[in-house]
Asks: 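What follows is a single structure, and I will ask about it in a moment.
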Amino acid sequence: MDAAAELSQESGFVAESGAAKMQERLQKRHQARIEDAERRKEDKERQAVAEEKGEYFSSTFNGERACIEELLSGCSGADRAVVTQILEEATAQTVQLQKFLNDSTLFLTQYELRQAQAALQKLQTSLAETREAALPKKRFAFRARTKAADKVAPPVSDTASPGAGTFEQSAQVDGAAAFEQCGFSNMENELLTKTSDEIQKRDVLLTHLTNCKVRLFGSPSTLHLKHIDSCEILCGPVSSSVFVDHCRNSILALPCQQLRTHNTTNTQVYLHVTSRAIIEDCHGVSFAPFSWSYPNLEDDFSVSGLDRDRNNWSQVDDFNWLAAGTPSPNWTVIPEADRKTNWDS
Amino acid sequence: MGLLTILKKMKQKEREMRLLMLGLDNAGKTTILKKFNGEDISTISPTLGFNIKTLEHKGFKLNIWDVGGQKSLRSYWRNYFESTDGLVWVVDSADRLRLEDCGRELSALLLEERLAGATLLVFANKQDLPGALSKEAIQEALALDEIKTHHWCIIGCSAVTGENLLAGVDWLLDDIAARIFTAD
């Protein structure tokens, strides 16, 4: 009994001194924790840049926005040229503001971001409205006009359908083509030749030829054939693509990198092609390996850069015949017996 | 590393863009794609279907879709419109006879609702050919100045020599980056 009391007394003492120690330890720990928090706070403050603060953003953003709004309000009643200039400036500033917002998304809260986007949206709407009010779009209307007058004074914001403009302009473009383009067009029953000097590394165009024999000695960089009827066209190595459209009852012989054939009927092609030949909307087209030759052919082959040993003349892709396994009915291989061998006739 | 830092990093990782490359057949779309990616351009065949390339440029991940331009494939173009950030329209600057076609196809594309937000880059390709029209002439022929619905830019380039391809793609990326929230 006695021993037990003593023991309890002793343990009471131990507990007392233990509590004091514990308290001291807790105190220390608390102190350390505060210091640690303090240090982290400082770290964080050091990291945060002034610009990455919500207040900085909103004050700058609103300032800029007010600036643009003021610009826009200056539009009413102003001269057309002045308005155009103001609108341009306002548009540029709006784009800049958008960029500023974009750059700031990383540190903005969702709410701030939404607010700023809404404000920007409103700004853009009012910009569009001002533009509409000051520089109304032209409504379509028929009018008598001379071409010259039209050219001298192009309307500032002509928004007539783009198709209409394209027609007129491409007519001019075609006109320019007539004297610049290398090739032949609108001929009948003639023997036409071009020498290497005339076509080397050029883009050659043959159009609207009927019943002609064409010999192109040399290596053009591209070749376009369009509206060809009953012709025999022989050409040296073409370094890139050959484009054939609306050709019929003809014989072609050419080496090239790609052959693209469209709307062609009843035509024989003696072909050297290093990648692929394709046909689209064609029928009655037949193929055989290129067999025409002329004295400088080998030189022209090296100018063109075409691989003499790679000829995929018999691998023709038909864009109208995508069934794998069944051959396309639109093209055939010319049987060996029927191939043309004499080109000088 | 706090949660915010992780979030920031994740946001910066989402720098992915989808570019759609269209144009008439024989314009040079595949050649541009392969040249840009540093591949051999001498074996390119006319595209029967489409090519897709994923490449890294300027810290962006680009998914470039190159869809064949043959007439019979054009009706399938619309299958590729969804979530396109940038449209690259490739023009054969030497093909004067089909410029009108080219302009018509482009203006039809620009009316597409699903391409409404996309930035437009026009490549006036094949500038290495002596008969090529200047980019100003193409700009006029395609009536680009009348486009008010899209951000656009025209750049004269040559896929064969590689000239100006980088300048064009850089402009496109900058414009898209300023629009979608991934700019630095």
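Lettering follows sequence order; numbering is per chain, from 1.
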Asks: Can you tell which part of A:L322 gets under 4.5 Å to a heavy atom of chain B, answering side chain, backbone, both or neither?
Replies: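 Looking at A:L322, just its side chain touches chain B.
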Asks: Check each atom of A:S239 against the heavy atoms of chain B and say whether the ones under 4.5 Å are side chain, backbone, both or neither.
Replies: neither
Asks: Looking at B:I147, B:N26, B:L129, which makes the most heavy-atom pairs under 4.5 Å with chain A?
Replies: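 Looking at each of B:I147, B:N26, B:L129 in turn, B:N26 comes out on top.
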Asks: Can you tell me which portion of A:K226 sits under 4.5 Å from chain B's heavy atoms? Options are side chain, backbone, both or neither.
Replies: side chain
Asks: Classify the side-chain pair B:S72/A:E280 by whether it contains a donor and acceptor separated by less than 3.5 Å.
Replies: yes
Asks: Please evaluate residues A:H262 and A:F243 with respect to the criterion ring pair (Phe, Tyr, Trp, His ring centres under 6.0 Å), reporting the C-alpha separation (whole Å), side-chain torsions for both, the decisive distance (0.1 Å), and the verdict.
Replies: CA-CA 8 Å; A:H262 303 262; A:F243 195 93; 4.9 Å; yes
Asks: So, is the end of the A:K194 side chain (NZ or CZ) under 6.0 Å from the ring centre of A:F184 and within 45° of the ring's axis?
Replies: yes
Asks: Flag the pair A:F57 / A:F100 as yes when their ring centroid distance falls below 6.0 Å, and as no otherwise.
Replies: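 They qualify: ring centres under 6.0 Å apart.
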Asks: Under a 4.5 Å cutoff for heavy-atom pairs, which residue among A:Q258, A:R310, A:H224 has the most contacts with chain B?
Replies: A:Q258
Asks: Counting only non-hydrogen atoms closer than 4.5 Å, does B:D128 touch chain A with its backbone (N, CA, C, O), its side chain (CB onward), both, or neither?
Replies: neither
Asks: Quick one about A:H283 and A:N330 (side-chain donor to acceptor, distance below 3.5 Å, no hydrogens or angles considered), yes or no?
Replies: no
Asks: Strictly under 6.0 Å, is that where the ring centroids of B:W65 and B:Y80 end up?
Replies: yes
Asks: Which one, A:S241, A:S275, A:A277, leads in non-hydrogen pairs under 4.5 Å with chain B?
Replies: A:S275
Asks: Between the side chains of A:N312 and A:H272, is a donor N or O closer than 3.5 angstrom to an acceptor N or O?
Replies: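 Checked: A:N312/A:H272 side chains show no N/O donor-acceptor pair below 3.5 Å.
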Asks: Is it the side chain or the backbone of B:D175 that comes within 4.5 Å of chain A heavy atoms, both, or neither?
Replies: neither
Asks: With a 4.5 angstrom heavy-atom cut-off, could you sort out which part of B:I41 is near chain A: side chain, backbone, both or neither?
Replies: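 For B:I41, the contact with chain A is made by the backbone alone.
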Asks: If you tally heavy-atom pairs under 4.5 Å against chain A, which of B:A108, B:G68, B:S42 wins?
Replies: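 Among the listed options, the one with the most contacts to chain A is B:S42.
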